[in-house]
Amino acid sequence: MGRILITGSNGQVGFKLKRSRPPLGEVIALARREMEPSDRASVQSANLYQPAIIASPAAYAAVDKAETEVELAISVNAQAPAVMAEWVEWVEWAEWAEWAEQHDALLTHYSTDYVFDGNKEGASCENDATSPQSVYGRSKWEGEEAIRARTSHHLILRTSWVVGTHGGNFLKTILRLTHERGSLNVVADQIGAPTPAALIADITAQLISHYRLPIHKFEYGTYHLAASGETRWFDYVPFAMYLAEQQRYPLRLLPSAIRPIPTSAYPLPPLQPTRDWTVLNYLGTSAWLCRLGRKVLPMWLHNSINEIEKLDMKRKEPTHH
């Protein structure tokens, strides 16, 4: 069946992929402390595994900080570590892709809606032109291009607004702030679909299982993997607060104290784009969704309910001030 190597196994998606071990088979899960993507010596720790499938959710995901940590963002996202071919030296991420090609291996990589400029009136499809406007977006786009240029045996899965029970993300940050603050400014002119890491891992596991079936021709390529529907961050916050309150999570903030602001008023670093639309549509995704027995991916709203119910929160009577 062949080994599966997961990099960044303590990140949001990597953590959930580890928990998919039974359907995935033999998994080698490496956290960042075990294989640091930007450190040559650390990459050598993966030399012995020679996986048949590489799932690489490891990424530099600090969108705002990327504007000042350019070299690190490019290193991790566009020149990710490569374990390939002779397994003897440090090489670029692109050469890891070449190893996958030579050994008929599947390379699964995760990208982002930030490869688009957000100016399209409506959802972005897989075949829309990319135009990253930030360091983070450009680093992820360069990673995509490096893979596409060197192997056809890849799955590039673009997702958006990743949330979940593990790691840092908008949902957990907002719930913390609603407990700590008496008022909150939330961006109101960005539209997207909050997508749980658990959903991304679940679909990835199903795709890997499908890849291993000899009776199907596997469709490699770049696909969008995000929850259905759309919302604004400003609308998402009171919804998350309501669900958290049902779980008896202590909230200090009242919904009336949430103030909408435009992206332009948010304290972002220079060159950070105003991204109005970040919804990912599934133009090319529908074919393999049908093969997985799905017509569409679940709505963001239902996914949010599930994620908040799973959060390990200190439960007691709410205390509005």
Side-chain angles (χ1 to χ4, degrees), residues 12-13 16 61-64 112-114 116 118 120-124 159-200 224-268 272-281 296-321:
Q12 291 193 80
V13 176
K16 294 297 183 180
V63 177
D64 298 345
T112 174
D113 55 333
Y114 272 75
F116 300 108
K120 181 181 178 181
E121 288 293 333
S124 296
T159 189
S160 68
W161 293 21
V162 180
V163 296
T165 58
H166 187 81
N169 57 74
F170 182 82
L171 171 62
K172 294 176 70 175
T173 298
I174 283 297
L175 291 181
R176 174 177 58 80
L177 293 178
T178 58
H179 175 61
E180 296 174 353
R181 297 186 181 180
S183 64
L184 192 64
N185 295 334
V186 180
V187 171
D189 58 359
Q190 292 189 14
I191 300 172
T195 303
L199 175 64
I200 298 170
H224 289 174
L225 200 174
S228 298
E230 61 190 50
T231 188
R232 302 182 301 167
W233 282 133
F234 177 71
D235 298 321
Y236 181 75
V237 172
F239 173 74
M241 288 175 58
Y242 170 78
L243 293 178
E245 212 166 20
Q246 302 306 302
Q247 300 293 107
R248 298 179 64 190
Y249 183 72
L251 302 178
R252 178 185 179 202
L253 187 70
L254 291 170
S256 59
I258 303 173
R259 296 188 295 265
I261 61 170
T263 302
S264 58
Y266 192 75
L268 295 172
Q272 181 72 18
T274 299
R275 302 165 62 256
D276 298 327
W277 282 84
T278 59
V279 180
L280 297 179
N281 200 8
V296 295
L297 293 177
M299 287 286 292
W300 70 266
L301 185 147
H302 301 303
N303 283 315
S304 296
I305 295 174
N306 292 335
E307 289 304 299
I308 292 175
E309 287 178 347
K310 295 174 187 174
L311 281 174
D312 182 17
M313 300 184 294
K314 184 179 179 181
R315 299 182 183 184
K316 60 183 181 183
E317 290 302 321
T319 54
H320 289 304
H321 290 184

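Positions are given from 1, in the same order as the sequence printed here.
What you find for Leu253 and Met241 is that their closest heavy atoms are O-CE, 3.3 Å. Nearest heavy atoms, Leu301 versus Phe239: CG-CZ, 3.6 Å. The two residues Ala193 and Gly229 come nearest to each other via the heavy atoms CB-O, 3.4 Å. Nearest heavy atom pair, residue Thr231 against residue Pro194, reads CG2-CD, 3.7 Å. For Leu225 against Thr159, the heavy-atom pair with the smallest separation is O-OG1, 2.8 Å. Nearest heavy atoms, Arg252 versus Glu180: NH1-O, 2.8 Å.
To the nearest 0.5 angstrom, Phe234 atom CZ is 10.0 Å from Leu184 atom CG. If you take CD1 on Ile308 and CG on Leu175, they are separated by 6.0 Å, rounding to the nearest 0.5 Å.
The environment of CZ in Arg181 is sparse: at most 12 heavy-atom neighbours from other residues, nucleotides or ligands sit within 6.0 Å.
A donor-acceptor contact shorter than 3.5 Å links the side chain of Trp300 to the backbone of Glu230. Although no hydrogens or angles enter the test, the distance criterion places no donor-acceptor pair under 3.5 Å between the side chain of Ser183 and the main chain of Ala257. The closest donor-acceptor contact from the side chain of Thr178 to the backbone of Leu251 lies at 3.5 Å or more, if one exists at all. For the pair Thr195 (side chain) and Ala227 (backbone), a donor-acceptor distance under 3.5 Å is present.
Here the side chains of Gln190 and Thr263 are in contact, with some heavy-atom distance below 4.5 Å. No side-chain heavy atom of Asp189 sits less than 4.5 Å from a side-chain heavy atom of Arg232. For the pair Pro238 and Ile258, the minimum side-chain heavy-atom distance is below 4.5 Å. Inter-residue side-chain proximity for Trp161 and Leu171 is flagged as unmet; no heavy-atom pair is nearer than 4.5 Å. In this structure, the side chains of Tyr236 and Val186 stay at 4.5 Å or more apart for every pair of heavy atoms.
Note: His224 and Phe116 have perpendicular aromatic rings, judged against thresholds of 30 and 60 degrees for the angle between ring planes.
Checking each of Lys16, Glu307, Lys172 against Thr165 for a side-chain hydrogen bond (donor to acceptor under 3.5 Å, both in side chains) leaves exactly one that passes, namely Lys16.
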